[in-house]
Amino acid sequence: MSTSPLAPRGVLYHWAEVLPLTGQTPRITLGEGDTPLVRSAALEGQCGLDELWFKLESCNPTGSFKDRGMVVAVAKAMESGARAIMCASTGNTSASAAAYAARCGLECYVLVPGGRVAAGKMAQAIAYGSRIIEIDGNFDDALNAARELTAKHPVALVNSVNPYRIQGQKTAAYEICETLGDAPGMLAIPVGNAGNITAYWKGFSECAEKGLSTLHPRMLGFQAAGAAPLVSGIPVLEPNTVATAIRIGNPASWSGAIGARDESGGSIEAVTDEEILEAYRLLAAKEGLFVEPASAASVAGLLKLARAGRTRGGRAVAILTGNGLKDPDTATAQYTPDITRSAATVEGVERALGW
Ligand code: F0G
């Protein structure tokens, strides 16, 4: 790869040799991937670990990990002649699809569960110019509709049931192995529709096969307690959680998640909304990392395991899947801000500060 600062960045450039690209695949990019891996400053010990690293997927161009898979899915859709794409989404997939569609001159149709998508994500879908349909139902209903609609009309489905999404998302595992020099012992990840845990496991398995790593991480997936079908083993008809991104009752990649769990000797467990919000606040206040609630589920899970005495050192990576700015309403509802009004004078500010 060229080292020029002007060389194109992005998943299709950096990871071309591990992706199913052809000479006809358009090399589109919004600069996705190559996200920071940052060592924990405060929560490592509390999580009972020797090393805790955060993979900041919130640093992708639309603020979530979805861009890694979306860039591949959209490029392959264009390669096959598609002029339009569609997805069902709890918000991040739709923001990402809408961005790449705007960039590439495609029509984009997004089906979202009515009233349940965080404000920032809706703003993105609107700003990027997608056609938004609010479904009178939940994400699972929206995905069923999207599958049927794309089977019937000449529109490419870009949900993670599209294998190119998984291919793109697996590149995060390659990046982790590249940065750490090996796979970590554990990977903590929030689970909703289960595409991402499936993709990471594929990526880590490939890294081991290629000799890029010596370890297979234990995959530790965490679902919200009100939307934890992979924990109970049965679909949840009316999923509910403050972490709206993972408010999913019947994950499309169910078997992929179970495979990742069992082959890696890991687990998929539930964390309550209270535990998610505690981790959400700790990440912001102690680590300087403002993530969306779903992303905090990975750290909530590690804290929960640690409290139960189930983490015993070792190195873990927690995937922080999306940016806190996407869900300003949850943020403001979490805090009673200590804000003092002041005249625009030095004396006024000093008085306000009690100096
Ligand atoms: N974290 C965030 C911020 C998400 O947006 C999602 C999924 C997940 C975690 C879970 O990933 O579905 O691969 O298990 N969001 C999808 C969406 C469902 O429509 O944006 P998963």
Side-chain angles (χ1 to χ4, degrees), residues 1-21 25 27-41 44 49-73 75 96 163-190 195-221 260 263-264 266 287 289 291 295 298-299 302 314-322:
M1 204 180 78
S2 166
T3 51
S4 160
L6 292 179
R9 294 183 37 156
V11 160
L12 300 187
Y13 293 91
H14 190 156
W15 296 111
E17 68 275 22
V18 301
L19 293 172
L21 309 182
T25 314
R27 298 303 200 266
I28 58 175
T29 184
L30 283 170
E32 63 290 319
D34 281 322
T35 56
L37 189 68
V38 174
R39 178 96 181 249
S40 165
E44 204 163 74
L49 297 164
D50 295 324
E51 281 182 38
L52 173 60
W53 296 81
F54 301 115
K55 181 73 168 159
L56 305 190
E57 288 293 282
S58 46
C59 291
N60 277 298
T62 74
S64 88
F65 71 95
K66 303 289 179 177
D67 296 340
R68 285 181 189 279
M70 195 58 69
V71 71
V72 183
S96 186
Y164 296 123
R165 282 277 312 279
I166 305 292
Q167 288 283 347
Q169 284 171 211
K170 80 180 178 188
T171 60
Y174 278 83
E175 285 178 22
I176 290 170
C177 292
E178 192 176 61
T179 310
L180 294 177
D182 203 345
M186 290 158 275
L187 189 95
I189 184 169
N196 213 26
I197 190 170
T198 304
Y200 271 90
W201 182 239
K202 180 174 173 57
F204 284 122
S205 302
E206 290 182 11
C207 285
E209 273 162 34
K210 291 178 199 289
L212 301 171
S213 59
T214 64
L215 300 171
H216 279 84
R218 272 198 296 133
M219 302 295 283
L220 307 176
E263 289 164 31
S264 74
E287 301 278 5
L289 296 170
V291 301
S295 309
S298 57
V299 176
L302 288 174
R315 177 195 259 177
V317 172
I319 309 303
L320 300 184
T321 47

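When a residue number appears, it is its place in the shown sequence, counting from 1.
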Would you name the heavy atoms of [X] and [Y] that are closest together and state the gap between them?
X    : Y    : value
V11  : G33  : CG2-CA, 4.1 Å
V299 : A318 : CG2-CB, 4.2 Å
L289 : L56  : CD2-CD2, 3.8 Å
V72  : L12  : CG2-CD2, 3.8 Å
S96  : D67  : OG-OD1, 2.6 Å
C177 : S213 : SG-CB, 4.0 Å

Under a 3.5 Å distance rule, please check whether [X] uses its side chain to pair with a backbone N or O of [Y] as donor and acceptor.
X    : Y    : value
K170 : E206 : no
E175 : T35  : yes
R27  : T25  : yes
T171 : W15  : no
Q169 : K66  : no
Q167 : L19  : no

Do [X] and [Y] come close enough that some side-chain heavy atom pair is under 4.5 Å?
X    : Y    : value
L30  : V71  : no
E263 : H216 : no
Y200 : I189 : yes
W201 : S264 : yes

Decide side chain to side chain contact (heavy atoms under 4.5 Å, CB included) for R315 and M186; before the verdict, give the C-alpha distance in whole Å, the side-chain angles of both, and the deciding distance to 0.1 Å.
CA-CA 6 Å; R315 177 195 259 177; M186 290 158 275; over 6 Å; no
What residue among S295, S64, S58 forms side-chain hydrogen bond (donor to acceptor under 3.5 Å, both in side chains) with T321?
S295
Does the pair I319 and F65 meet the rule for a side chain to side chain contact (heavy atoms under 4.5 Å, CB included), with working shown?
CA-CA 9 Å; I319 309 303; F65 71 95; 5.7 Å; no
N60-E32 side chain donor-acceptor pair, cut-off 3.5 Å:
no
